[in-house]
Amino acid sequence: MRRYLKGHRFGEGPAVAVVRPGSLVDLWRVARASVRAGRIIILQAANTGLTGGSTPEGTYDRGVVLINTMRLKGIHMLNAGAQVVCLPGATLFELDRELRPLQREPHSEIGSSCMGASVLGGVCNSSGGALVRRGPAYTEAAIYAQVDETGELRLINRLGIDLGHEPETQLENLERGNFPRVLNDMHERACSARAYVDHVRDVDSASPARFNADPRYLKGASGSAGRVVVFGVRLDTFPRPAEPQVFHVATDDAVMLTEIRRRMMKEAALVPIAAEYMHRDTFRMAERYGKDTFLAVRLLGVDRLPSLFSFKAAVDGIAEQLGFGGLRLMDRALQGLSRLAPPHLPEQVRVMGARYEHHLLIKVDRDQVSAVRRLLAEVLPPEKGAVNECGPREGRKIFLHRFAAAGAAIRYALLRGNSSGGLVALDVALRRNDKAWWYVLPDHLRQMVDRTLVYGHYFCHVFHQDFILKKDADAAAFKRGMMRHYASRGAECPAEHNVGHLYEAKPALAEFYRDLDPTNTLNPGIGKTSRLKNWR
């Protein structure tokens with residue numbers, strides 16, 4: 001059970017059982033039996049979360065049943081692929097693969113912080129993703145089960161699809177794709193964050209563009225964080241860009257990147273597909289400690305990663321039982337093997353990564369290339385930095401390098417072991433008009449930090465900040481100090497990783513959880529809310 005009860009980065013606790021249902025009806029029956037037995041239910045998909053929100057953590061007043069949904073595969077196309085209905089075990093990679101022949105793509109790419117993530121996990125956790133025009137994963141069309149005030153599990157169908165009347169009949173029809181009547185006219189029921197691009201373009205606004213507790217995106221399954229049992233979601237898909245161009249922009253002057261962002265966002269025609277930031281320390285850390293992830297994706301494909309993660313978790317579990325867990329044998333072995341491989345990045349990318357402090361990776365549509373090229377030439381003269389127009393293969397590699405950064409931070413902290421004070425990973429949404437986006441720490445907090453790794457979705461002003469602390473630093477005090485620091489800047493934290501068991505849910509988010517789950521049966525305790533039955 002360990003591989004399901006231990007989080008990807010944080011969280012681990014006991015459970016009465018781990019259940020892996022093989023059908024949606026099985027999931028309904030297991031959930032209903034658990035509710036009637038008075039058990040807590042924790043729903044889990046790929047277990048790639050970073051804040052412990054899909055694993056037990058701490059002490060509960062009832063036994064925990066953890067239900068892993070990854071066997072529940074299924075993707076159904078609607079309207080010639082303009083929309084999809086995804087079942088709980090469908091991953092972003094699988095959805096992308098299904099849509100590729102239709103020249104369409106899902107809301108998100110393979111993931112900014114983890115790979116192999118599920119589609120439903122993104123919706124339930126308000127994940128943002130790397131694509132500038134699309135905002136958080138969001139839908140108002142879903143089918144889910146809710147434990148009502150009387151303690152009964154009830155199925156709620158808001159898919160806009162007639163599936164029948166009895167719960168098991170509805171779920172059988174959903175799994176088979178037996179949709180006799182589909183409501184296509186859904187003007188009042190959004191299947192994506194449609195207005196986000198206009199919202200994020202307001203670079204003079206004194207509020208963040210997107211964050212986990214944003215009330216605009218808390219509805220039904222969206223943002224539910226395991227407080228309901230979700231069986232399926234209906235989502236918009238998007239035209240796949242033809243021949244996108246990647247620009248690698250590098251400079252030592254952070255002001256240059258501010259000017260690029262503001263200029264491009266103020267012109268609607270220049271809003272890019274994606275714009276990812278990496279600091280030089282992060283760039284080089286990923287080059288060394290994220291190399292095995294990079295090579296695994298390039299050589300084996302994203303679809304093999306869940307199996308690799310499972311194998312690693314199994315080996316780590318055996319080592320822990322034998323008393324060797326602290327040695328991190330698998331991490332050391334993977335790190336050693338990756339060092340034997342030749343450099344995985346093109347030479348020009350490596351040279352720029354070592355030379356400049358700030359790196360911005362901008363992906364644009366084919367018809368934007370000329371205008372973006374001219375803008376970059378105006379804003380960034382040669383003496384202030386460099387611009388590399390990447391070839392198709394080079395562009396794919398440098399974006400994959402960016403996505404390996406979060407895993408690199410984890411690997412580095414694990415291998416440091418007791419010689420460091422641990423890793424404090426925070427993701428923060430800065431105000432859209434914040435020109436001082438580069439992290440500035442108060443002196444009393446800076447003294448506690450050994451290494452700082454910064455990367456993120458630059459045009460959305462969402463940043464991931466991984467702090468590796470000095471050996472004797474108080475991690476809890478550091479985190480409290482950082483949260484106060486963010487609040488003083490008008491920032492929101494967390495931005496897109498959900499509160500899990502690491503962050504305190506703000507009042508509006510906590511009230512949303514209570515409305516969804518009045519008996520506190522599903523995933524109690526997240527957001528540091530009550531763990532007790534009926535919210536006592």
Side-chain angles (χ1 to χ4, degrees), residues 109-110 112 115 130 132 241-261 263-264 270 272-299 338-409 412 438 453-459 464:
E109 293 188 326
I110 55 177
S112 62
M115 300 174 192
V132 178
E243 302 177 22
Q245 173 65 52
V246 173
F247 291 87
H248 176 191
V249 181
T251 180
D252 290 327
D253 188 350
V255 174
M256 297 292 99
L257 299 191
T258 300
E259 183 65 16
I260 291 170
R261 171 179 173 266
R263 288 272 301 270
M264 291 184 68
L270 293 185
I273 298 169
E276 293 294 292
Y277 170 79
M278 297 178 75
H279 182 262
R280 175 168 52 199
D281 291 346
T282 308
F283 196 103
R284 300 180 74 176
M285 183 73 72
E287 194 173 4
R288 181 173 181 181
Y289 291 95
K291 189 175 181 180
D292 59 315
T293 299
F294 180 102
L295 293 175
V297 174
R298 290 289 295 176
L299 299 177
S338 69
R339 290 184 178 181
L340 299 177
H344 61 288
L345 293 174
E347 183 177 1
Q348 185 171 356
V349 173
R350 287 186 282 117
V351 170
M352 289 175 66
R355 165 65 180 84
Y356 294 101
E357 184 176 4
H358 303 289
H359 298 267
L360 179 60
L361 315 177
I362 306 175
K363 183 186 294 185
V364 300
D365 290 312
R366 179 173 52 189
D367 58 3
Q368 294 176 302
V369 172
S370 297
V372 171
R373 184 185 295 138
R374 287 194 300 269
L375 185 146
L376 293 176
E378 292 174 13
V379 175
L380 192 69
E383 64 272 15
K384 285 289 189 177
V387 176
N388 175 29
E389 292 191 33
C390 302
R393 186 176 181 185
E394 190 178 26
R396 289 192 294 270
K397 282 189 173 184
I398 197 168
F399 261 83
L400 179 55
H401 181 65
R402 153 66 186 92
F403 292 143
Y412 177 77
W438 177 237
L453 305 175
V454 181
Y455 49 101
H457 316 307
Y458 183 63
F459 278 30
H464 305 294

Chemist: Listed by chain and number, what are the salt bridge (Lys or Arg N to Asp or Glu O under 4.0 Å) partners of R366, not counting sequence neighbours?
Modeler: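 R366 satisfies salt bridge (Lys or Arg N to Asp or Glu O under 4.0 Å) with E243 only.
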Chemist: If you look at every heavy atom in A250 and L380, which pair is closest and at what distance?
Modeler: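 Between these two residues, the closest heavy atoms are O-CD2, 4.0 Å.
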Chemist: Please round to the nearest 0.5 Å and tell me the distance separating atom CE of M278 and atom CD of E287.
Modeler: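 M278 atom CE to E287 atom CD measures 9.0 Å (nearest 0.5 Å).
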Chemist: Locate the shortest heavy-atom distance separating K397 from F294; write the atom from each residue and the value.
Modeler: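 Nearest heavy atoms, K397 then F294: O-CE1, 3.3 Å.
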Chemist: List the residues meeting ring-ring contact (aromatic ring centres under 6.0 Å, His included) with F247, not counting sequence neighbours, and say none if there are none.
Modeler: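 Counting only residues at least two positions away or on another chain, F247 forms no ring-ring contact (aromatic ring centres under 6.0 Å, His included).
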Chemist: Could you label the plane-to-plane angle of the Y458 and Y277 rings as parallel, tilted or perpendicular, counting under 30° as parallel and over 60° as perpendicular?
Modeler: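 Taking Y277 first and then Y458, their aromatic rings sit tilted (interplane angle of 30° to 60°).
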Chemist: What residues, two or more places apart in sequence or in another chain, satisfy salt bridge (Lys or Arg N to Asp or Glu O under 4.0 Å) together with K291?
Modeler: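 Expected list: none.
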Chemist: How close do P241 and D365 get, counting heavy atoms only, and between which atoms?
Modeler: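 Scanning both residues, the minimum pair turns out to be CB-OD1, 3.2 Å.
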Chemist: Kindly compute the distance separating NE2 (H344) from CG (D292), expressed to the nearest 0.5 Å.
Modeler: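 Reported value, rounded in 0.5 Å steps: 9.5 Å.
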Chemist: Donor-acceptor pair, distance only, cut-off 3.5 Å: does the side chain of T282 make one with the backbone of V454?
Modeler: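 Side chain of T282 to backbone of V454: a pair is present.
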Chemist: May I have the list of side-chain donor-acceptor pairs in residues 382-393 shorter than 3.5 Å, sequence neighbours left out?
Modeler:
residue, atom, partner, partner atom, Å
N388, ND2, E394, OE2, 3.3
E389, OE1, R373, NH2, 3.1
E389, OE2, R373, NE, 2.6

Chemist: For residues 364-387, which residue pairs pass the ring pair (Phe, Tyr, Trp, His ring centres under 6.0 Å) check, not counting sequence neighbours?
Modeler: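 Residue pairs passing ring pair (Phe, Tyr, Trp, His ring centres under 6.0 Å), neighbours aside: none found.
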Chemist: For E259, check side-chain hydrogen bond (donor to acceptor under 3.5 Å, both in side chains) against everything at least two apart and list the hits.
Modeler: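 Expected list: none.
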Chemist: State which residues pass salt bridge (Lys or Arg N to Asp or Glu O under 4.0 Å) with R284; sequence neighbours excluded, sorted by chain then number.
Modeler: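 Salt bridge (Lys or Arg N to Asp or Glu O under 4.0 Å) list for R284, sorted by chain: empty.
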Chemist: Test of understanding: with ring-ring contact (aromatic ring centres under 6.0 Å, His included), list the residues that count as partners of F283, not counting sequence neighbours.
Modeler: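 Here the qualifying residues are H359, H401.
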Chemist: Any side-chain heavy atom of Q368 within less than 4.5 Å of one from Q245?
Modeler: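 A side-chain contact under 4.5 Å is absent here.
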Chemist: Output the distance between atom CD1 (I398) and atom NE2 (H248), rounded to the nearest 0.5 Å.
Modeler: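 That separation rounds to 4.0 Å.
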Chemist: Between E378 and R263, is there a side-chain N and carboxylate O pair less than 4.0 Å apart?
Modeler: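 Looking at E378 and R263, the cut-off is met.
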Chemist: Mind checking whether V132 and I273 have side chains closer than 4.5 Å, heavy atoms only?
Modeler: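 No, every pair of side-chain atoms sits at 4.5 Å or beyond.
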Chemist: Do the non-hydrogen side-chain atoms of I362 and I260 ever get within less than 4.5 Å of each other?
Modeler: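 Of all side-chain heavy-atom pairs linking I260 with I362, at least one is under 4.5 Å.
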Chemist: Just jot down the ring-ring contact (aromatic ring centres under 6.0 Å, His included) partners of F399, sequence neighbours excluded, or say none.
Modeler: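 Listed in chain order: nothing, the list is empty.
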Chemist: Show which side-chain atoms of residues 347-357 pair as donor or acceptor with protein atoms under 3.5 Å away, not counting sequence neighbours.
Modeler:
residue, atom, partner, partner atom, Å
R350, NE, L345, O, 3.0
R355, NH1, D252, OD2, 2.9
E357, OE2, H279, NE2, 3.2

Chemist: Between A130 and E276, which heavy-atom pair has the shortest distance, and what is it?
Modeler: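 Residues A130 and E276, closest heavy atoms: CB-OE2, 3.5 Å.
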Chemist: Supply the atom-to-atom distance H358 NE2 to L360 CG, rounded to the nearest 0.5 angstrom.
Modeler: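 Reported to 0.5 Å precision, the distance equals 11.5 Å.
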Chemist: Can you see which heavy atom on A405 is nearest to which on A286, and at what distance?
Modeler: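 Looks like CA-CB, 3.9 Å.
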Chemist: Please report the shortest heavy-atom distance between A341 and L295, naming the atom on each side.
Modeler: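 It is CB-CD1, 3.7 Å.
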Chemist: Within this structure, what is the CH2-CG distance for the pair W438 and L257, rounded to the nearest 0.5 Å?
Modeler: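 Rounded to the nearest 0.5 Å, the CH2-CG separation comes out at 10.5 Å.
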Chemist: Just to verify, what does A377 make a side chain to side chain contact (heavy atoms under 4.5 Å, CB included) with, not counting sequence neighbours?
Modeler: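 For A377 there are no side chain to side chain contact (heavy atoms under 4.5 Å, CB included) partners, ignoring immediate neighbours.
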Chemist: Which residues pass the side-chain hydrogen bond (donor to acceptor under 3.5 Å, both in side chains) test with R288, not counting sequence neighbours?
Modeler: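 By the side-chain hydrogen bond (donor to acceptor under 3.5 Å, both in side chains) rule, R288 matches no residue at all.
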